Engineer: 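Pasting in a structure now, in C-alpha cells, and then I'll have a few things to ask.
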Amino acid sequence: MARIVSLTLTFVVLMFSLASGKEPINLGALLPMTGSVAAFGQMGWDGFQTARKIQPEALGRPVELKLSDTKSDKVDSANAVSRLIEKEKVVAILGEMISGDTIAAGDYAERAKIPMISPTATNPIVTQGKKYIFRVCFIDPEQGRVGAKLALENLKAKTAAIIYDISQDYCVGLKTFFQREFTQSGGKIVSETMFKTGDRDFTPQLSRIKSMNPEVIYAPIYYTECALIAKQAREMGLNVPILAGDGVQAPEFIQLGGKDVEGVYFTTHFHEDMVDNPLAKKYLELFKKDTGKELDAFAAQAGDAYFILIDAINRAGSTDPEKIRNAIVETKDFNGVTGKITMKPDGNAIKAMVVSKVKDGKFAYVTTIMP
Amino acid sequence: MDLSFATQQVIYGLTLGCLYGLLAIGYTMVYGVLRLINFAHGDLLMVSAYVAFFGIIIFSLPWPVAFLGAAIFTAVIGILIDRGAYKPIRKSPRISALITAIGVSFLLENLALVLIGGRPKSFPIPTLFNGSLSIGELKVPVLSLWILSLTLVLLVIVIGIVHKTRIGMAMRALSRDIETVSLMGIDENRVISFTFALGSILAAFGGVMWCMRYPAVEPFMGVIPGLKAFVAAVLGGIGNVTGAAIGGLILGLAEVLIVAIQPDWSGYRDAIAFCIMIVILLTRPRGIMGENLPD
C-alpha cells in the first residue's frame, strides 16, 4: 500500500559550518534512503558526508546538503526532486543512485535547468538528450560488453541464461546490452526469464533455467533479489556460476546470500585496491574512520560526484546553475576517488571498469578493464 | 515438460500457496466477524519477522522461544490494533474502518522504517529447517515440508476452534448479527479480540516461515504477501476459513506453474494471478467456498 499512496519523510540535515556567517550554498542530495535499494542511498549519503568533510566550502562559502528521500520509487523521485528545487532552492543536485529513479527525477531537473550529477545511474537513457544531467560512472552498453566478455573468456561459457527485473530500467537495459554482445560473440542465450522488484519467490524461473542447462546465469539486478536468487538456485542444485552487474555491490548482498553468493562475479565501478591519488587516500581513510565500514563502489562514486560538483562550482566562480552546468562539462582528467574522470559533452564520464568477485564473504578485486 | 519437473513445480507452488493461505485465514476471520478488510494484516507478517529476528540475533534466544515470542507479540499487536484503531469507530460507516485499516498499515510499515531502518536483514535459519531432501530428480526443501504440515495443523486447529468451541460459536454468531449477540449477554469485544489474536498468530507463523523461505527482513516485506493473501481470501470466499486456505493454494500454484510452463509470461505473474481472481469471481461472485446467501 505504501507505494500506492506516498508518504513524505524527508530529512533535512543542516550541518553548521564554522565559516563565519556567510550565506551557504545549498546542494540537493537525492537518495533512495528507504525502499528496495535503501542500501545504495545510505552508502551514497555516507559518501557525500565524508566528501563534505574534506571539502566543506566552495567559493569561500559553506556547502549545505539537503537530503531528500526517493524511497527507491520513480514517482517519489519526481516528488523529491521538485521539493529540492522548489522548496530548498538548491543550485545543483547530487543523485540519484539507480537508473529508473534518476530518469524520473532527471526530467524535472532538466526542465528547471538545475544541474544534476548521478554517482551510479548507468542506463544510457539517464543522460540522453539532456543538457543538465550528468553522471560520474560508466554506462551499461560498456558494462554489458565487459560482462559478456567475462562470461565467454573467463568463465568459458558458451550458453547463458538471463534473469532480470522488468520493472527496473537498469536491469532491462543491461540485459539487452549483455544479450547483444554475448550472441554477437558466438554465445547463445538459452533462457530469458523475468520478475519484478519485490518478488521473493524465484523457484519457477530458476527451475526453468535449470532445465535448460546453461553454463552461466547472467543476473543484471539489484542485491536483495540477486541474493535470494542465488540462495534458491543453490538449494535446487543449480550450481552454475552467476554473473551480475554493479547493482549487487552492497554489504546486504553478502549478508542475505551468505555462502550461496560465494563466487558471484560482477562488473563494478571501484574497489579499494584501486586507490592511487592523495584525494582518494584521504577519502578512504576518513570514510573508514567515520563509518567503520569498507569503502564500497557506491560511496566512492558518491564522493566523486560531490568533488566534481564542488570543483565545477569553484571553476564557475558562481552559484548560477547555468554556469555550474558549463563548468561540469569542462571537467577533464579530474583525479577522483575512483580514478581519473573526464566528462564528455553528452553528460557521461569516461571511466575504467572493475571486475570483482565474492570471496570468503568479501568483495574481492579481480581486474580493471579500460573500455 | 516431464513429470518430475511438474511435480517439482507443484511442491514450490504448494509451499508458496500455504504461506498465502496462512495469511488469508486471518483476513477472512476478521472479515467474517466485523465485515472489515484489515489491510494491516499483511504487516503483521513483518512484525513477527522482526520480533523473531531480534529474538534470535540480539537476545540470542533459542529459535522455538523466539518464534513463540513472535507469535505472542504479534497477537498482542493484533489485539491492540483492534482496540486502538477499530473499536472506537465500530459504529461508523464501513468505509471509515477501511481507511483506518490502510492508515494502520502505513503506521506499522513506517514505524518499522524509522525504528529499524530500510535496509533488508538476513534471517537466521535454524538447521532443523535448512537443506533439502533428494527423491530421485526431485528436490524437496525441508522447509516446504514444515510449511505444508504447519499450515495443515493450524488450519485444523482453527476450524476446530470455530466449529467446536463456545468461543467459536460466538464468533460464528457475531458474523451474523453483532447487536443481537451482544443482547444475549456475550461480550462481543472479547470475542473480537480473540479473533484478532488468532488471526495474528497465524500471520506470525506465516511471517516466520516466510522469512525462512525468503530470508530478507524489511519494513515493506508484508505488503505484497498481504495483497496476495487478500486475493486468496476473496478467491476462496471471504469469511470462510477453508476457502481462504484453498484460495491461497490456488494462487500459489497458479503463480508458480504459469511461470514454469510459460517463462515468457513471467513478467505478468501477478497480472495472471489477479486475472484468475477476476474469472473466478465472475463465475462465482462469493468465491469458491462462499455461501450463496442473500445479505
Side-chain angles (χ1 to χ4, degrees), chain A residues 1-5 7 9 32-43 69 71-72 161 163-167 191-212 223-225 227-228 231-232 234-238 250-252 254-258, chain B residues 1-2 5 8-9 11-13 15-16 19 39-40 42-43 102 105-106 109-110 113-114 117-123 125 130-132 134 137 139 141 143 210-211 213-221 223-227 252 255-261 263-270:
Chain A
M1 294 308 294
R3 290 181 186 208
I4 303 167
V5 185
L7 55 129
L9 183 102
M33 299 307 283
T34 59
S36 62
V37 289
F40 294 158
Q42 293 175 16
M43 283 145 84
D69 180 15
K71 296 174 214 129
S72 315
I163 182 163
Y164 69 102
D165 184 340
I166 45 162
S167 58
S191 162
E192 190 188 321
T193 53
M194 50 218 109
F195 62 90
K196 61 182 185 36
T197 309
D199 279 1
R200 290 292 175 261
D201 185 79
F202 308 99
T203 48
Q205 285 99 327
L206 292 168
S207 316
R208 195 69 199 194
I209 291 176
K210 193 181 169 198
S211 72
M212 303 305 288
Y223 54 92
T224 308
E225 283 85 5
L228 292 179
K231 271 195 117 61
Q232 290 172 27
R234 302 311 184 222
E235 183 199 76
M236 63 172 66
L238 177 58
E252 277 75 7
I254 292 171
Q255 284 159 20
L256 296 175
Chain B
M1 190 168 75
D2 55 21
F5 183 79
Q8 184 72 60
Q9 301 316 310
I11 294 169
Y12 291 140
T15 310
L16 185 62
L19 293 171
F39 274 114
D43 297 300
I102 295 174
S105 167
F106 280 11
E109 286 160 13
N110 290 289
L113 195 60
V114 172
R119 299 172 78 156
K121 295 184 166 47
S122 179
F123 193 83
I125 306 166
N130 228 330
S132 54
S134 296
E137 278 180 47
K139 286 253 181 197
L143 188 61
W210 179 274
C211 54
R213 181 96 182 110
Y214 313 115
V217 187
E218 38 120 7
F220 297 99
M221 65 181 289
V223 178
I224 303 231
L227 223 50
E255 272 190 26
V256 168
L257 289 178
I258 283 160
V259 178
I261 294 167
D264 293 345
W265 293 358
S266 43
Y268 303 106
R269 183 177 178 160
D270 294 349

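Here is how names work: the chains are called A, B, and so on, in the same order as the sequence lines, proteins then strands, and each is numbered from 1. No experiment lies behind these values; they were computed from the predicted model shown.
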Engineer: Heavy atoms only, distances under 4.5 angstrom: which of A:Leu228, A:Ile166, A:Thr193 has the most pairs with chain B? Name it, please.
Structural biologist: A:Leu228
Engineer: So what's closer than 4.5 Å to chain B heavy atoms on A:Thr224: side chain, backbone, both or neither?
Structural biologist: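 Contact with chain B involves the side chain of A:Thr224 alone.
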Engineer: How long is the straight-line distance from OH of A:Tyr164 back to OG of B:Ser266, given to the nearest 0.5 Å?
Structural biologist: 7.5 Å
Engineer: Any non-hydrogen side-chain atom of A:Pro204 less than 4.5 Å from a side-chain atom of B:Arg269?
Structural biologist: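 A:Pro204 reaches B:Arg269 side chain to side chain.
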Engineer: If you count heavy-atom pairs under 4.5 Å between each of A:Gln232, A:Lys196, A:Lys231, A:Met236 and chain B, which one has the most?
Structural biologist: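 Maximum pair count with chain B is reached by A:Met236.
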Engineer: With a 4.5 angstrom heavy-atom cut-off, is it the side chain or the backbone of B:Asn130 that approaches chain A, or both, or neither?
Structural biologist: neither
Engineer: Should B:Glu255 and A:Asp201 count as side-chain neighbours, where that means a heavy-atom distance under 4.5 Å?
Structural biologist: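 With C-beta onward as the side chain, the pair stays apart.
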Engineer: Counting C-beta onward and ignoring hydrogens, is there a side-chain heavy-atom pair between A:Thr203 and B:Arg213 closer than 4.5 Å?
Structural biologist: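 Result yes, sub-4.5 Å side-chain heavy-atom pair found.
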Engineer: Does any backbone or side-chain atom of B:Trp210 lie under 4.5 Å from a heavy atom of chain A? Answer side chain, backbone, both or neither.
Structural biologist: side chain
Engineer: Flag the pair A:Lys210 / B:Gln8 as yes when at least one side-chain heavy-atom distance between them is below 4.5 Å, and no otherwise.
Structural biologist: no
Engineer: Under a 4.5 Å heavy-atom cut-off, does chain B meet the side chain of A:Glu252, its backbone, both or neither?
Structural biologist: side chain
Engineer: Got A:Arg200 and B:Pro225 here, is their nearest side-chain heavy-atom distance under 4.5 Å?
Structural biologist: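 Side chain of A:Arg200 against side chain of B:Pro225, heavy atoms only: no contact under 4.5 Å found.
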Engineer: Does B:Ser122 reach the main-chain N or O of A:Gln255 with its side chain, forming a donor-acceptor pair under 3.5 Å?
Structural biologist: yes
